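Everything on this sheet refers to the single structure shown next.
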Amino acid sequence: MKANEYRELDEKYGAHNYHPLPVVLSKAKGVWVWDVEGNKYIDMLSSYSAINQGHLHPKIVAAAIEQLTRISLSSRAFSNDRMGPYLKKLCEISGMEMALPMNTGAEAVETALKLARRWAYQKMGVPENKGELIVCENNFHGRTTTIISFSSDPGSKKGFGPYTPGFVTIPYNDIKSFENAITPNTIGIMVEPIQGEAGINVPSPGYLKELRRICTEKGILLIIDEIQTGFARTGKMFAFEHDGIKPDILCVGKALGGGLYPVSAALSSREIMSMFTPGSHGSTFGGNPLACAIAEAALDVLIEEKLTKRSTEMGEYFVKKLKEVKTPKIKEIRARGLLIGVEFHLGAKETVRPICEKLMQNGVLAKDTHEKTIRFAPPLTITTDEIDWAMERIKKVFEEY
Ligand SMILES: Cc1ncc(COP(=O)(O)O)c(C=O)c1O
């Protein structure tokens, strides 16, 4: 079949809840992907940072294949021989004490929300059902009905009410607003270390450190969503490490599955995690042996290949090259590690989509994040030669635009 035939099938039988670029992929390796017609592209999205280790990393693929010869799904009705060793590794890497394994990012966030609410009612003295969690404008934490209840994006939210109460929204990167929003019913704050979907919004240095200080002072929870920023994407294993702090509850997902499988988790201290008792939370697929084998290998690859260091070095190189592009259209480049946003000066109704289409036609797959910003977030295994290959094309497209 031809590309347009696949796209017609998608259009006809698939819900139109995405607006993909017109490219139909059928093969991938490392930073490269190929479409059904054999055209080669460099992947500058990494599936929204879920492929930090590169497409089909041989070690992660081998772990999956080996596990598929033994047992893939056991259910939590029984124990399996993969979950414990994997969770131990995840806890050691993140500096947290316990983890609750789930599948998607939104599930990790839901888990964190439930955990925080129970903690507030059982330990903080917040009256039951009165808890308020502070969140930030332009947040993106997923798509469930509770999570979109505190989204400020009408596209994600409108028409899906009634919404879950118990959330208070403040501006991002604004400590004063946070202090002013705290009441006796405040459970804590949930925050992204960098707002990825909002356009790679990098907060002021020390923002998380200040949040940590205030949360500790007030005895409320700091919940950090590292689903997009975690696992070496920003040059540290977790972005909160840039501020030298630790959250009370941590949400992870995406690259934890090494680009092969949906794997997520909420992590916390032993004391806080003890709020979950048998029957209070769970998932048929969470902690399944296949997921655990893949995630363990995905974590090993991050460490063995020193991908935090690579992310820092390649990020600096990439940004340096982007800054050399001569066009007055670029308004700002925001970056940490290999999470890079290029914001354009555009008219009110204009978006960067036509630029992304041009990039695609030239072999570079990148996608808008918020209408005016293109995100460049390639696999962290990218080399300087591969960045040069991409930059040759990016430069041409940007300068012609
Ligand atoms: C910061 C953040 N949190 C949560 C999610 C939701 O993850 P998922 O799409 O796996 O449910 C995303 C996805 O983009 C994200 O970027």
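Since the model is a prediction, treat every value here as computed from it, not as a measurement. All residue numbers in this chain count up from 1 along the given sequence. In listed order, ligands and their atoms are each counted from 1. Just so you know, these numbers use all the heavy atoms, side chains as well, and skip hydrogens, waters and symmetry mates.
Closest protein heavy atom to atom 16 (O) of ligand 1: Gln228 NE2, 2.8 Å. Nearest to atom 14 (O) of ligand 1 among the protein's heavy atoms is Lys254 NZ, 2.7 Å.
When non-hydrogen atoms are compared, ligand 1 lies under 4.0 Å from neither the backbone nor the side chain of Arg143.
Checked against a 3.5 angstrom limit, the closest N/O atoms of Tyr48 and ligand 1 fall outside it. For the pair Ala106 and ligand 1, the shortest N or O to N or O distance falls below 3.5 Å. Any N or O atom pair closer than 3.5 Å counts here, and Asp225 shares at least one such pair with ligand 1.
The side chain to side chain donor-acceptor pair (under 3.5 Å) check on Ser49 picks up Arg233, with sequence neighbours excluded.
Put simply, atom 8 (P) of ligand 1 has protein non-hydrogen atoms near it, under 4.0 Å away.
With values rounded to the nearest 0.5 angstrom, Ile175 atom CD1 is found 11.5 Å from Asn180 atom CG. Between atom CD1 of residue Ile148 and atom CG of residue Asn139 there is a gap of 11.0 Å, rounded to the nearest 0.5 Å.
Ring orientation note: the planes of Phe344 and Phe398 are nearly perpendicular, at an angle over 60° on the 30°/60° scale. Between Tyr172 and Tyr207, the ring planes lie perpendicular to each other; the angle is over 60°, past the 30° to 60° tilted range.
Every atom of ligand 1 with a heavy atom of Gly142 under 4.0 Å away is listed here by number and element: 4 (C), 6 (C).
The side-chain heavy atoms of His370 and Glu343, taken from C-beta on, include no pair separated by under 4.5 Å.
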Practice task
Apply side-chain contact (heavy atoms from CB on, under 4.5 Å) to Glu305 and Arg310, showing your working.
Solution key: CA-CA 8 Å; Glu305 300 190 10; Arg310 276 199 80 74; 5.7 Å; no
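Ligand 1 does not have Glu226 within reach: every non-hydrogen atom of the residue lies 4.0 Å or more from it.
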